[in-house]
Amino acid sequence: MAYRLRQNCRDAGGYHGGHESFLVDGDVDEREPSSAGVPSAFAEETIPVPFNDEDAIPDIFERHGSEIAAVLTELALGNHGIVLSVEGYHETLRERDDYGSLLIFDEIITGFRVGGLQWAQGKYDIEPDLTMFAKIIGGGFPVGAIGGRAEVMQAFTPTGDVFESGTFNGHLVTMVAGLETLQFAKDHDVYMHINDLSERLRAGLQDIVEEHAPEYTVAGTDSMFKLLFTHDEPETMVDHCSAGCKQRPDCPRFELCPKTGADVAAGETDRWKRIF
Ligand SMILES: Cc1ncc(COP(=O)(O)O)c(C=O)c1O
């Protein structure tokens with residue numbers, strides 16, 4: 001059996017798309033499809049793991065290491081978040097290389113948004129074996145793409161045995177729109193501009209929160225931002241992460257900042273639904 005580890009379910013906090021293999025909830029001991037219509041056999045092969053939980057990974061590798069084909073994660077949770085990783089979290093995933101499993105980064109939200117042209121993996125200086133892209137690289141058109149080390153990519157057809165093809169693969173209009181958009185972004189420092197605006201927005205939100213609702217958490221990085229309706233007020237507002245939670249251990253909010261999707265979901269109160 002080839003397991004996939006991933007932080008897809010709501011509690012864990014990740015989302016990797018509406019694909020049977022990724023629509024699984026639960027944990028290493030008990031899991032089930034998270035959507036109607038997904039055969040339970042898929043849940044047997046995917047193990048959800050909470051984001052930011054460094055201890056969960058070694059334990060699962062000890063139990064199932066040789067059967068784990070890949071670990072799939074985002075560098076910052078984009079869907080049930082935004083949640084940045086605690087320092088060293090992704091490095092602990094990389095350390096599992098000895099088991100021969102691949103590390104896959106889902107940069108479908110973070111790609112060309114966090115870290116700009118070097119993506120989140122460049123910003124956080126960690127290299128996966130494979131990377132998934134979509135959204136932004138299409139310049140507004142539908143697209144998905146994977147990339148990675150030559151040795152892994154060569155496993156796909158036509159050079160390898162892993163079948164990969166599709167009607168719209170390499171769709172010309174999408175490719176041109178995506179390339180032109182990224183080229184424009186590169187030539188005009190678009191990332192610097194929108195990141196600055198976003199930083200200002202998060203800092204402004206933080207000022208408002210500090211005054212009116214110190215229990216709330218401003219989250220985000222680069223051009224991503226969100227207000228999370230967390231419940232507990234920090235003891236002091238002095239020296240907290242500016243312009244959004246950065247998971248800095250010496251920040252007075254550190255223990256209160258959401259670390260997983262479940263922490264974020266716990267803030268979805270009636271007020272959250274009413275306002276947003
Ligand atoms: C992080 C992440 N991965 C994967 C996906 C799936 O992308 P798509 O809906 O284009 O299949 C999404 C979609 O929102 C996403 O946010």
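In each ligand, atom 1 is the first atom listed, and ligand 1 is the first ligand listed.
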Top protein contact for atom 6 (C) of ligand 1, by heavy-atom distance: G17 CA, 3.4 Å
Identity and distance of the protein heavy atom lying nearest atom 7 (O) of ligand 1: I108 CG2, 4.2 Å
Atom of I126, atom of E91 and distance for their closest heavy-atom approach: CD1-N, 3.8 Å
Within reach of ligand 1, part of H19 (heavy-atom separation under 4.0 Å): neither
Side chains of T46 and R31, donor plus acceptor under 3.5 Å: no
T92 and E95 side chains, donor-acceptor separation under 3.5 Å: no
Ligand 1 to H16 polar contact by distance, N or O atoms, under 3.5 Å: no
Polar contact flag for Y15 and ligand 1 (N/O pairs, less than 3.5 Å): yes
Those atoms of ligand 1 less than 4.0 Å from some heavy atom in N79: 14 (O), 15 (C), 16 (O)
Which of the ligand 1 atoms, numbered from 1, are nearer than 4.0 Å to a heavy atom of I109: 16 (O)
Validation row: Y89, E54 side chains within 4.5 angstrom (heavy atoms): yes
Note, F225 side chain near L205 side chain (heavy atom, < 4.5 Å): yes
Heavy-atom protein contact below 4.0 Å for atom 3 (N) of ligand 1: yes
Closer than 4.0 Å: a protein non-hydrogen atom to atom 14 (O) of ligand 1: yes
Pair R94 + D129: basic N to acidic O under 4.0 Å: yes
Cation-pi, Y191 ring and K186 (6.0 angstrom, 45 degrees): no
K135 near ligand 1 by a heavy-atom separation under 4.0 Å: yes
